[in-house]
Amino acid sequence: MQISMPRVIDNGRALEVSFDGDAHRFHALWLRDNARDDKTRSPGNGQRLITILDIPAETRIAEAKVSNGTMSLRFEPEGKVVNYDAAWLAANAYDASTTLEPGWTAPEIQRWDSQLHNQVPTGSWPEVSIDRAALGRWLHRVRRYGFAVMTDTPTESGSLCKVAELFGYVRETNYGRWFEVRAEVNPNNLAYTNLGLQAHTDNPYRDPVPTLQILACLENSVDGGDSIVVDGFKVAERLKAENPSGFELLTKHCARFAYEGAKGIRLRSKRPLIELGPDGELIAVRFNNRSAAAFTDTPYNDMEAYYAAYRRFAELIEDPSMEVTFKLKPGELFIVDNTRVLHARKGFSSTGRRWLQGCYADKDGLLSTLAAIEEEGLLS
Ligand code: FE2
C-alpha cells in the first residue's frame, strides 16, 4: 500500500491523501480519535484510553508528511504528533461516493433460493469438533448462507449444546437450556404436534430474538417431517424488486409478536417484519404466523397496503422455488441464523417416531470465533 501526497485542506479541519493513487479525505477529529499511539490506545488490549471529551473540539492538522511509507500528522492545539499505518487507514476509509440501496447486505453474505438444493452447506462433527480450520469453514458457511447442516453428531440427548459450545454459548430461555420437539398430547406449542409448520423465524416475541437456532435429530422413522429452510433476505429482495412501496411499508412500520402460552410468561415485542439499519442495511426478518399479535403500529391509511405486502411476503416465503429441503437422519442437525433464514417442517405420519431437540445461541459469538480463526490464517 503506497501512501502519498498528504494535503491539509479546509483550514486544517481535514486531510486529503492518496492510497495507490486513490484520493480519500479524512477529518482531523476522526484522525485524532483514531490515533494508534500508546497514549490513545492500550497496546495490550487495543481499547481506547481517552474519551471524545479529551480531544479539543477545535482540533486541527497543522502538519502532514510521509516518510518511508508512514504518514505522520501534527495536531494542534495539543501539539501531538501521530503516525498512521497506511494499510489501516486505507481499510478504514469512509470517503465513499457510492450510495447504498435500502436492503443491501455485506459482501460476505450470499443470498440463495432452491438452486442451492444440491450444495447444502455441510460439515461433519468428527472433523469440525477437532480441527479448528474445519470449524472455521463450517462457520464461514453459516455466515455466508445463514444455515448449515452438521452430520455424524453424537445421538445422546443434549449433545446439540456441544455444537453451540464449539463457537460460543447456549442461550437459555423459558423453554430451557434445550427443548424437545416431538409430538405431545395437549402441547403448549404447535411445534410439539405432527402438523406441518409454515416457514418462520423462531421467537420473534423476544427482543433481542435468539440469533441462532440449532435443531438436532435423535430419531426420525416417520413418513414426512422433512426440514425446509428459506432465505428471508432473498425473499425480501424479491419483494422489493416487485413491490418497492410494499417492501418499504414492512420496513417502516412495526409488527407485534407475543407468546402467552404458559403460566407466568408474557413475552411481547414490537419490531418490523423486515428490519433495516439507519443506512438501509438489511438486518433481520421476523415472520411467524403463530406468534404474530395484533398489528397496531401502522396508520389506518397504510394498513390495507401493509397487509397486501405482508400477504405477498408470505406467498414468496411459501414459493417452492425459494426453499431448500432435507430430511434429517439421527445424528444430523442444522443451524440457522434466526435473523435471516426461516425454517419449516412438513407434516408427518403418526406412526414411527420423530424426536428432535432444539437450542438457541448467539450469532455474535459465532462471528467472533470465525473472525479469530480467519485472523489465525487458517482459512486461507
Ligand atoms: Fe421453529
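Counting starts at 1 for both ligands and their atoms, in listed order.
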Participant: Is the backbone of Gly225 close enough, under 3.5 Å, to the side chain of Arg354 for a donor and an acceptor to pair up by distance?
Facilitator: yes
Participant: Give me the number of protein N, O or S atoms whose distance to the Fe ion (ligand 1) is under 2.8 Å.
Facilitator: 3
Participant: Okay, side chain of Asp231, backbone of Trp112: is any donor-acceptor separation there less than 3.5 Å?
Facilitator: yes
Participant: Do Arg25 and Asp10 come within less than 4.5 Å of each other through their side chains, counting heavy atoms only?
Facilitator: no
Participant: Quick check: does any side chain N or O of Thr369 sit under 3.5 Å from a backbone N or O of Gly365, one acting as donor and the other as acceptor?
Facilitator: yes
Participant: Between Tyr360 and Asp202, does the side chain to side chain donor-acceptor pair (under 3.5 Å) criterion hold? Intermediate values first, please.
Facilitator: CA-CA 10 Å; Tyr360 300 116; Asp202 254 44; 2.5 Å; yes
Participant: Same cluster or not: Trp88 versus Ile3, using hydrophobic residues (I, L, V, M, F, W, Y) connected whenever any side-chain heavy atoms lie under 4.5 Å apart?
Facilitator: yes
